[in-house]
Every structure is written in C-alpha cells, then in structure tokens.
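Everything on this sheet refers to the single structure shown next.
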Amino acid sequence: MKDREKGKRGERVVTAVFLGALFGGLLWRGGVAAYPDTNSYLTMSPNREPGYALLLNAVVGIAGEKGFWAIGLLQNALAAVSIYLIICYVGDKMKSRRIGVLTALCLVLPHIMTPLFASSGLILTNALLSEGITIPLYHFYFLMMLKAVWEKEKKGRYLKGALVIAFLLTLFRGQMLVTLIAWLIVAVLSEWKVQEGFGGRSLKYFKRFLLPAGAFIVVLVLRILCVNSYNLAVNGKFTGTTYGAVTILSNVIYVAEEADKEGIEEESLRGLFEEIHGIAREGKMLYGDAPKGLTREASFYSQMHDEIKDLAIYPCLLSYTEHVEGIREPMERMVRVDALATALTRELLPECMGQWLLHYLRNILVGLIRTAAFLHPMLILPTLAGYGILLLMGFSCYRKDRESRAAGIFALTMLLTLGNAAAVALTIMCISRYMVYNMPFLYLSAFLLLGEMKEKLWGGNKQGFLKERR
C-alpha cells in the first residue's frame, strides 16, 4: 500500500513538473502577445464583457507594463493547474496510468496545435485576450460538471461549484452563456429517474426540478446586473455589452438580397438597409460572392463578417444616429446603434430566413469540424464520420451500462460542443479559437469509449486498457 501511494505521489510530481515546464516554456519562448482586441479591454470598451477588462486594468494599474507579464504568468499557471487536476481526477477514477497519460496528451493538444497550425499562430495562454483566462476556467467548469455526472451521490456540491464557475465565465465571454444552459440541462436531468417517470408524483417531487431553473434565473439576472452596473460605473450608462446586435445583423446582411428590402415596413430602416447592403454588395462581401465549397466559403465568410460590420453596418448606423437623430453622446449612440441593428434584424430576417438558416447550419458544421480538427477538404468527411462513430459507441456503452463513465463524459462533451457551436454560429464565424474549448474532452471521450467497448463489450482483459491498477 505504501509503495502504491508513493508511486502515485511520484506520478503526480512528474505530471506537475511536465506541465510547469510546458507552460513555462510557452511563456518564455513565445512571450506575452497583444492582439487587435487587446486595446478594447484596456480601454474598457462597452463592447467587451467586464471580467477580463477589469482584471487586465487592475494588474497593469498595480504593476505597470510588468503587469502584462503577470497576466501571462497567471494564465499559464491557471492552465497548468486546471489540466493537472483533471489528469489526477480522471486517472484516479479510471485507475489507469495509461488513461492519465492520454488525458494529459488530450488537454495539452490545443496549446500545442494552435501555435503550430492555426493561421494566427496564437499561443492561447500568452495572448492578452479573454480566451487566456476562459480556457483554464472552462477546464475547472468541465471538471465540476464531470464530477457531478460521475459521482451522483455528491452531485449537488459539484453542481454548485460548476454554477459559480459558469457565472464567472459569462463575465469574461458572452459565448460562455452556453455553460449556464448546459448546467441547467444537466441539473434537471440529474433529478430525472427514467425508470420511475412522473406518474403519481407529489408537488414536492416536482419542486426538485424547479430549484435548478430558479438557480439558473437568479444567476442570469445577477450576470445582467453585474454587466450593466459595470457599464454604468465605467461608461456612464446602465446597459449590457454593446455591439452584439451589430454582430448578429452582420450574419443577416451576409445572406440577404436586395429584394428583401420589401419586407421592411419602416421607411428609415429600409433606407438604412439599402445603404448597408449597397456597400456590402459593391465590396463583394456577400454570400453570393463567396467561392464554392465549405472550406473556401468559410474562409471567405470569416473575413467578410468583420468587413460587413466595420465597413458597412456600424458606419451607416453611427452616422444615422448622429446626423439624423442628433445623438452626440458616445455611449448613447452605441446603445442606439444596437437598437437600430436589432430592429433591422427583426424586420429583415423573415425575408431571408431560408438562406440564413442554411448558412447558420453550415456555420455550425464548420464549428463542429474545427472542434475536432482543422477545416480542410480532406478532413471534412473523416471528421463527420468520426462524430457518427462516437455517437454509436456512446449509445452502445450506455445501453450496456447505464452508469458508464465513458458514455457520461461523451454525453457531457457533446452537449457542450453542440451548444458552443450553435451559440457562436448565431453571432459570428466559428474560427478555431472559439471552438477549441471542447477539443481535448472530445478526444478523451473517444479514448474512454474505445477502452470501455474493448473491455465490456468484447471481453477485453480486466487489467488492460482501463483497469491497469496503480
């Protein structure tokens, strides 16, 4: 027993040293890097969620330019700690050194692949972007959710921890609202007993399902109050994060046709659409101008989405609020721009719903591919086939064992992967840095499913892939 415990401690020391060397090396070799979006956090733009802006300004305010390195150090340290905790937990639960090693490889994969293969060369933990914090925070969130799925007797405590982390994540990125929705789904399903159903249940039984919904609403309201209060204190107006409506409108303009203006009843909005669409049409920024093929269209769209926003929508709406409506105060203008963008989307979307929905689904497909691999014509069919195979494997493991850990982690991963792709595709292009959150857990799920099928369905060695005792 002592030798086993000593061996386990040694493995954990080796894991900690490996992760420390990896992320320390990434910081030392790559250095802290600023990107075009960094300045909007430093200026506390209302277009950004408050979490990263407050953190960045607080640290830089205390330490000056050295604060940038402090942020880089914090991000790399959080990444190392979050990965370490997941490796230890999964390895201990599966009682397998091999699974521990595979978990480590899966979790460090995005941090190695992104700088090597992504066009931006982005080192996630070195970037002065919200992803530097949200990725390790997301790891902590996933760990709490996984514990709730695997350890049902303690699920209440773990779900509370996951809810707190999900709340923090939403303060750093609006995209992370999907973690709150996933939390609600898991919390409700954890109260559901398939074999018993609802027949003859008392009101007290049903209240158990209302508690997660109530907690979800409370956290959502608290998040709204925090963001609005931040903008009141920093930017002088009690409002949420701005520019989101402009981003959503960009997707609608991208697929809209000139004839769609007939569905816009208000004359002023119709005039704005004609002006915006005219600029996009002349600049060949629209879906009709895109090259054929999923990968080439996705690359075109990734560029044109921002150009439609920055060169067509925002200048036109900003000019309208100033010269037609006479609004001079900057924050008031930004809020009004969002209101106009929302009104245009509401009027325009029914006219181009079919084309918009088709492109939305294409964008989700791109997001799913980029979660598992890189978007390349040769990888599309293998990646989609891989998803299909994993779904069949997950279903098979669940049918064989309703308490299957492999099926549990895979179901959680797919819920978050689909939710993330759907949320991002609704507002913007599904580029790799938005999709990378679930990549390690997708591959880890695949390894666990393979191992479980080998041992439980095909009668593999009990001391084999999953059951190698430490």
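The first residue in the sequence is number 1, and the count goes up from there.
Side-chain atoms of Arg296 come within 3.5 Å of backbone atoms of Lys292 as a donor-acceptor pair (strictly under, hydrogens ignored). Within the 3.5 Å criterion, the main-chain N or O of Gln303 finds no donor-acceptor partner in the side chain of Asp306. Looking only at distances, a side-chain donor or acceptor of Asn76 sits under 3.5 Å from a matching main-chain atom of Gly72. Judged by distance alone, the side chain of Asp289 and the main-chain N or O of Leu286 form a donor-acceptor pair under 3.5 Å. At distances below 3.5 Å, not a single donor-acceptor pair connects side-chain atoms of Asp260 with backbone N or O atoms of Cys352. Panel note: side chain Asn420, backbone Leu416; no donor-acceptor pair is recorded below 3.5 Å.
At a threshold of 4.5 Å between non-hydrogen side-chain atoms, the residues Asp92 and Arg12 count as touching. The closest side-chain heavy-atom distance from Leu102 to Tyr443 is not below 4.5 Å. Taking the side chain as every heavy atom from C-beta outward, Leu249 and Ile308 never approach each other to under 4.5 Å. The shortest side-chain heavy-atom distance between Met414 and Leu442 falls under the 4.5 Å cut-off. A 4.5 Å side-chain heavy-atom check between Pro212 and Trp183 finds at least one atom pair inside the cut-off. With contacts defined as side-chain heavy-atom distances shorter than 4.5 Å, the pair Val366/Thr295 does not qualify. With a 4.5 Å cut-off on side-chain heavy atoms, His111 and Ile123 do not count as touching. Annotation: side chain of Val424 is in contact with side chain of Cys430 (closest heavy-atom distance under 4.5 Å).
Of the inter-residue distances, the one linking Ser229 atom OG with Ile224 atom CD1 reads 11.0 Å to the nearest 0.5 angstrom. A distance of 8.5 Å separates OG1 in Thr427 from OH in Tyr434, rounded to the nearest 0.5 Å. One distance of note links CG of Asn231 with OG1 of Thr242; it measures 7.0 Å at 0.5 Å rounding. With values rounded to the nearest 0.5 angstrom, Thr417 atom OG1 is found 7.5 Å from Leu368 atom CG. One distance of note links CG of Leu448 with CE of Met393; it measures 10.0 Å at 0.5 Å rounding. With values rounded to the nearest 0.5 angstrom, Ile248 atom CD1 is found 10.5 Å from Ile428 atom CD1.
Each side chain to side chain donor-acceptor pair (under 3.5 Å) pair with one or both residues in residues 128-141, not counting sequence neighbours, appears once here: Tyr41-Ser130, Ser82-His139, Ser130-Arg173, Glu131-Arg173, Glu131-Arg433, Thr134-Tyr437, Tyr138-Asn438. Annotation: side chain to side chain donor-acceptor pair (under 3.5 Å) contacts involving residues 365-385, sequence neighbours excluded, are absent.
In plain terms, the two heavy atoms of Thr38 and Leu128 that are nearest each other are OG1-O, 2.9 Å. The heavy-atom pair separating Ala290 from Glu297 by the smallest distance is CB-CG, 3.8 Å. Scanning both residues, Tyr52 and Ala127, for their nearest heavy atoms gives OH-O, 3.7 Å. Taking both residues in full, the closest heavy atoms of Leu348 and Ala256 are given as CD2-CB, 4.2 Å, listed atom of the first, atom of the second, then distance. Closest approach of Ala70 and Val59 over heavy atoms only: CB-CG1, 3.8 Å. Minimum heavy-atom separation, Leu444 to Cys106: N-SG, 3.6 Å.
With hydrogens and angles left out, the side-chain atoms of His305 and Asn251 include a donor and acceptor closer than 3.5 Å. For the residue pair Gln75 and Asn126, no side-chain donor N or O sits within less than 3.5 Å of a side-chain acceptor on the partner. There is a side-chain donor-acceptor pair under 3.5 Å between Thr413 and Ser445.
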Under 3.5 Å donor-acceptor pairs involving side-chain atoms of residues 213-222, not counting sequence neighbours:
none

Can you give me every donor-acceptor pair (side chain of residues 158-168, partner residue at least two apart or in another chain, under 3.5 Å) with its distance?
residue, atom, partner, partner atom, Å
Tyr158, OH, Glu151, OE1, 3.4

Working for side-chain contact (heavy atoms from CB on, under 4.5 Å), residues Met176 and Thr179
CA-CA 5 Å; Met176 289 292 108; Thr179 60; 3.9 Å; yes

If you apply the rule side-chain contact (heavy atoms from CB on, under 4.5 Å), what do you find for Thr170 with Glu49, and how did you get there?
CA-CA 8 Å; Thr170 64; Glu49 281 75 25; over 6 Å; no

Output, in order, the C-alpha distance, side-chain angles, deciding distance and verdict of side-chain contact (heavy atoms from CB on, under 4.5 Å) for Leu146 and Ile409.
CA-CA 7 Å; Leu146 182 61; Ile409 189 175; 3.7 Å; yes

Tyr243 vs Lys309, test: side-chain contact (heavy atoms from CB on, under 4.5 Å). Steps then yes/no.
CA-CA 10 Å; Tyr243 209 60; Lys309 281 190 308 183; 3.7 Å; yes

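Aromatic ring pairs are classed by plane angle as parallel below 30°, tilted from 30° to 60° and perpendicular above 60°; the pair Phe300 and Tyr254 is tilted.
Not counting sequence neighbours, Glu351 has no partner by the salt bridge (Lys or Arg N to Asp or Glu O under 4.0 Å) test. Residues that satisfy the salt bridge (Lys or Arg N to Asp or Glu O under 4.0 Å) test with Lys155, not counting sequence neighbours, are absent from this structure.
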